[in-house]
Chemist: 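Please see the structure below; I have some questions.
A note on names: the letters A, B, ... follow the listed sequences, proteins ahead of strands, and every chain is numbered from 1. Side chains are part of it too, since the values below use all heavy atoms of this structure and drop only hydrogens, waters and symmetry mates.
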Amino acid sequence: DSGVTQTPKHLITATGQRVTLRCSPRSGDLSVYWYQQSLDQGLQFLIQYYNGEERAKGNILERFSAQQFPDLHSELNLSSLELGDSALYFCASSVGGRYAQQQYFGPGTRLTVL
Amino acid sequence: EDQVTQSPEALRLQEGESSSLNCSYTVSGLRGLFWYRQDPGKGPEFLFTLYSAGEEKEKERLKATLTKKESFLHITAPKPEDSATYLCAGTQGGSEKLVFGKGTKLTVNP
């Protein structure tokens with residue numbers, strides 16, 4: 001158990017809908033990262049928050065957004081969903097503020113868009 | 001563009017048959033090289049971080065090494081429970097994000 005929690009475990013929804021994925025980091029970690037894992041692309045970095053502020057952005061679509069709250073939990077919002085958004089979405093956390101720290105991953109949310 | 005390439009894509013071993021997985025990277029200004037293990041449908045589990053060429057780290061039957069251009073994950077006398085996908089990732093200076101390879105799927109037969 002990494003100490004990172006994610007809810008829900010599974011989400012099944014229809015094209016055009018909007019969903020919210022939730023992540024709670026390990027106790028004491030200030031940085032939260034979101035990754036998308038699909039069969040053909042592997043693990044892709046989406047976005048990072050550090051202590052409530054956006055720190056870095058990767059290949060995140062404009063239809064996707066995220067935020068980190070004062071209690072440090074984070075939410076990833078996916079809207080106008082398309083079939084191609086079906087994937088595993090992972091949250092990871094680290095202490096943050098320094099480079100090359102290990103990140104601890106949550107169990108993931110499996111999103112299926114029908 | 002920063003890239004991490006892993007080989008082979010898949011590897012089948014007999015229990016006790018040692019082997020190595022390769023990770024080559026073209027991450028400019030590499031700050032850290034990470035190895036993770038991922039079981040099907042689960043999140044990646046952290047194994048090792050390597051920071052400089054020549055560094056080695058060990059954990060049970062696994063040993064990770066780093067050169068200037070690549071990293072190896074050596075598996076000695078593997079057991080069926082070592083079956084998983086092994087992921088390699090790098091970070092560069094100025095960024096905390098991980099750039100992942102596509103992984104090597106290891107199957108160890110009893």
Side-chain angles (χ1 to χ4, degrees), chain A residues 1-7 9-10 21 23 25-26 29-51 53-60 87-112, chain B residues 1-10 21 23-25 27-53 55 57 59 62 64 66 71 84-105:
Chain A
D1 184 357
S2 67
V4 178
T5 61
Q6 288 187 249
T7 55
K9 271 195 101 158
H10 302 277
L21 314 183
C23 166
R26 292 187 322 155
D29 284 356
L30 298 180
S31 261
V32 168
Y33 312 78
W34 286 97
Y35 291 85
Q36 179 191 56
Q37 187 175 39
S38 56
L39 279 173
D40 55 339
Q41 291 291 325
L43 265 165
Q44 299 282 315
F45 169 75
L46 295 177
I47 196 163
Q48 176 200 358
Y49 279 81
Y50 174 72
N51 204 20
E53 301 287 326
E54 183 183 302
R55 175 68 71 102
K57 243 178 176 173
N59 300 323
I60 188 166
L88 269 167
Y89 290 84
F90 289 105
C91 165
S93 76
S94 71
V95 171
R98 291 185 292 119
Y99 305 132
Q101 300 171 358
Q102 51 260 40
Q103 296 174 18
Y104 294 90
F105 282 76
T109 293
R110 181 176 292 280
L111 174 66
T112 302
Chain B
E1 183 186 321
D2 294 334
Q3 254 192 316
V4 175
T5 305
Q6 292 187 246
S7 62
E9 286 185 20
L21 313 183
C23 169
S24 63
Y25 57 89
V27 177
S28 58
L30 185 82
R31 282 294 189 99
L33 191 292
F34 299 80
W35 283 97
Y36 285 83
R37 169 195 169 123
Q38 186 175 27
D39 292 301
K42 304 271 178 77
E45 175 191 342
F46 171 75
L47 293 174
F48 304 108
T49 310
L50 301 166
Y51 293 104
S52 55
E55 190 175 357
K57 287 197 177 164
K59 180 180 176 179
L62 301 177
L66 183 65
S71 177
T85 296
Y86 291 85
L87 299 167
C88 170
T91 61
Q92 61 175 145
S95 172
E96 295 172 53
K97 73 174 187 183
L98 293 175
V99 177
F100 279 91
K102 295 196 174 179
T104 293
K105 183 176 180 181

Chemist: So what's closer than 4.5 Å to chain B heavy atoms on A/Gln44: side chain, backbone, both or neither?
Modeler: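 For A/Gln44, there is no contact with chain B at all, as no heavy atom is under 4.5 Å.
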Chemist: Who pairs with A/Tyr33 by side-chain hydrogen bond (donor to acceptor under 3.5 Å, both in side chains), at least two apart in sequence or on another chain?
Modeler: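 A/Tyr33 satisfies side-chain hydrogen bond (donor to acceptor under 3.5 Å, both in side chains) with A/Ser94, B/Glu96 only.
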Chemist: Using the ring pair (Phe, Tyr, Trp, His ring centres under 6.0 Å) definition, which of the options A/Tyr89, A/Trp34, A/Tyr35 pairs with A/Phe45?
Modeler: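 Among the candidates, only A/Tyr35 passes.
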Chemist: For A/Gln103, is it the side chain, the backbone, both or neither that has a heavy atom under 4.5 Å from a heavy atom of chain B?
Modeler: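 It is both, since atoms from each part get that close.
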Chemist: Excluding sequence neighbours, so at least two apart, what forms salt bridge (Lys or Arg N to Asp or Glu O under 4.0 Å) with B/Lys57?
Modeler: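 With neighbours one apart ignored, the set is B/Glu55.
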Chemist: Measure B/Leu87 against the heavy atoms of chain A and call it side chain, backbone, both or neither at under 4.5 Å.
Modeler: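 Side chain only.
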Chemist: Side chain, backbone, both or neither: which part of B/Glu45 has a heavy atom under 4.5 Å from chain A?
Modeler: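 Nothing of B/Glu45, per the 4.5 Å heavy-atom cut-off to chain A.
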Chemist: Most heavy-atom pairs under 4.5 angstrom with chain A, which of B/Gly101, B/Gly103, B/Gly90, B/Gly43?
Modeler: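 Among the listed options, the one with the most contacts to chain A is B/Gly43.
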Chemist: Please state whether the side chain, the backbone, both or neither of B/Lys42 comes within less than 4.5 Å of a heavy atom of chain A.
Modeler: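 For B/Lys42, the contact with chain A is made by the backbone alone.
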Chemist: Where do A/Gln102 and B/Tyr36 land on the side chain to side chain donor-acceptor pair (under 3.5 Å) test, with the steps shown first?
Modeler: CA-CA 10 Å; A/Gln102 51 260 40; B/Tyr36 285 83; over 6 Å; no
Chemist: Do B/Ser71 and B/Leu33 come close enough that some side-chain heavy atom pair is under 4.5 Å?
Modeler: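 A side-chain contact under 4.5 Å exists here.
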